[in-house]
Amino acid sequence: MPNGNDPSRPATKVPSPAERAALGRLNAYLAELENIIVKEAIVADRALQTRKHDPADPMNDYELEAVITYHLRQDDPGYLEDDDNILAEQTEYLTGISLDAGGRNRTLLPDGLNHNENLGPEGETFCWGNPPGQ
């Protein structure tokens with residue numbers, strides 16, 4: 001089975017029903033986390049925007065970002081006690097998110113799109129995915 005719709009990418013293993021269920025639980029958790037991050041970022045960004053445009057405030061610019069780090073579980077066979085056990089790290093740039101329609105235009109965070117790059121059962125969606133071109 002090709003990876004996504006690109007036949008030049010290597011074939012991927014079809015997940016078992018148990019693996020698919022675990023991925024569904026992980027995706028639900030990430031979707032919930034996305035919504036929390038966006039809500040908090042909008043609040044923070046509004047406050048920073050106000051300060052940025054206040055002539056009496058010395059702050060004239062700012063950057064707002066969220067760094068999401070994925071770690072191995074302690075029960076994973078690859079887990080090392082004296083290691084950070086980081087699988088991946090994702091940075092979402094959130095500066096100006098309060099100026100967007102619900103905070104969805106400048107980030108991959110809950111944009112309403114299905115980021116599922118692999119063919120699967122109908123209706124199966126993923127909240128986070130690789131940005132276009134990655």
Side-chain angles (χ1 to χ4, degrees):
M1 175 174 153
N3 190 349
N5 295 323
D6 184 352
S8 67
R9 292 175 72 181
T12 57
K13 175 185 171 281
V14 176
S16 70
E19 290 169 327
R20 194 170 290 286
L23 287 171
R25 289 188 301 275
L26 174 61
N27 187 63
Y29 173 77
L30 291 175
E32 180 181 343
L33 181 61
E34 285 178 333
N35 285 321
I36 292 167
I37 291 170
V38 167
K39 287 177 186 172
E40 294 290 328
I42 288 172
V43 170
D45 190 63
R46 282 185 182 139
L48 292 167
Q49 284 285 332
T50 299
R51 289 188 62 194
K52 177 182 172 181
H53 296 292
D54 179 356
D57 193 313
M59 185 185 81
N60 63 8
D61 201 9
Y62 69 96
E63 292 294 326
L64 183 62
E65 63 185 32
V67 178
I68 301 98
T69 307
Y70 302 85
H71 297 263
L72 281 174
R73 294 184 325 263
Q74 286 185 336
D75 65 346
D76 189 283
Y79 182 87
L80 299 173
E81 189 63 39
D82 294 327
D83 190 71
D84 290 336
N85 295 289
I86 296 172
L87 291 172
E89 192 169 84
Q90 172 180 350
T91 302
E92 295 288 338
Y93 297 95
L94 303 168
T95 304
I97 194 169
S98 66
L99 305 174
D100 295 335
R104 306 304 196 251
N105 294 337
R106 297 184 191 196
T107 177
L108 287 177
L109 296 174
D111 57 9
L113 299 177
N114 179 8
H115 295 280
N116 185 354
E117 297 176 351
N118 299 300
L119 303 175
E122 190 169 323
E124 185 176 71
T125 62
F126 293 113
C127 52
W128 261 316
N130 293 329
Q134 286 193 5

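As the structure is a prediction and not an experimental result, all values here were calculated from the model.
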* CG/L99 to CZ/R46 distance, rounded to the nearest 0.5 angstrom? -> 9.0 Å

* Flag if over 12 foreign heavy atoms under 6.0 Å of NZ, K52 -> yes

* Of all the heavy-atom pairs spanning S98 and I42, show the shortest one and how long it is. => CB-O, 3.7 Å

* Separation of E92 CD from I97 CD1 (nearest 0.5 Å) -> 8.5 Å

* To do: Side-chain contact test, heavy atoms from C-beta onward, threshold under 4.5 Å: evaluate it for R20 versus P17 and give yes or no.
  => no

* To do: Examine I86 and L30 and state if one hydrophobic cluster contains both, with Ile, Leu, Val, Met, Phe, Trp and Tyr joined whenever side-chain heavy atoms are less than 4.5 Å apart.
  => no

* Asked: Below 4.5 Å, heavy atoms only, C-beta onward: do T69 and D84 meet side chain to side chain?
  -> no

* To do: Might you point out which heavy atoms bring A44 and L64 nearest each other, and give the distance in Å?
  => CB-CD2, 4.3 Å

* Examine distances only and state if a side-chain atom of N85 and a backbone atom of L80 form a donor-acceptor pair shorter than 3.5 Å. => yes

* **Same cluster (ILVMFWY, side-chain, under 4.5 Å), Y70 and L33** => yes

* Indicate, with yes or no, if I68 and L87 share a hydrophobic cluster defined by side-chain heavy-atom contacts under 4.5 Å among Ile, Leu, Val, Met, Phe, Trp and Tyr. => yes

* Considering non-hydrogen atoms only, spot the tightest contact between R51 and D57 and give its length. => NE-OD2, 2.6 Å

* Structure fact -> Rounding to 0.5 Å, atoms CD (E63) and OG1 (T95) come to a distance of 4.0 Å

* Please lay out, stage by stage, how T50 and L48 fare under the test side-chain contact (heavy atoms from CB on, under 4.5 Å). => CA-CA 5 Å; T50 299; L48 292 167; over 6 Å; no

* **Y29 atom OH: more than 12 heavy-atom contacts under 6.0 Å** => no

* Asked: Is there a donor in the side chain of Y62 and an acceptor in the side chain of Q49, or the other way round, less than 3.5 Å apart?
  -> yes

* **Distance (rounded to the nearest 0.5 Å) between H71 NE2 and D76 CG** => 13.5 Å

* Structure fact -> In terms of heavy-atom contacts, G96 and D45 come closest through N-OD1, 2.9 Å

* Asked: Counting heavy atoms not belonging to E89, are there more than 12 under 6.0 Å from its CD?
  -> yes

* **Cluster link Y93 to I36, ILVMFWY, side chain under 4.5 Å** => no

* Greater than 12 external heavy atoms within 6.0 Å of D75's CG -> yes

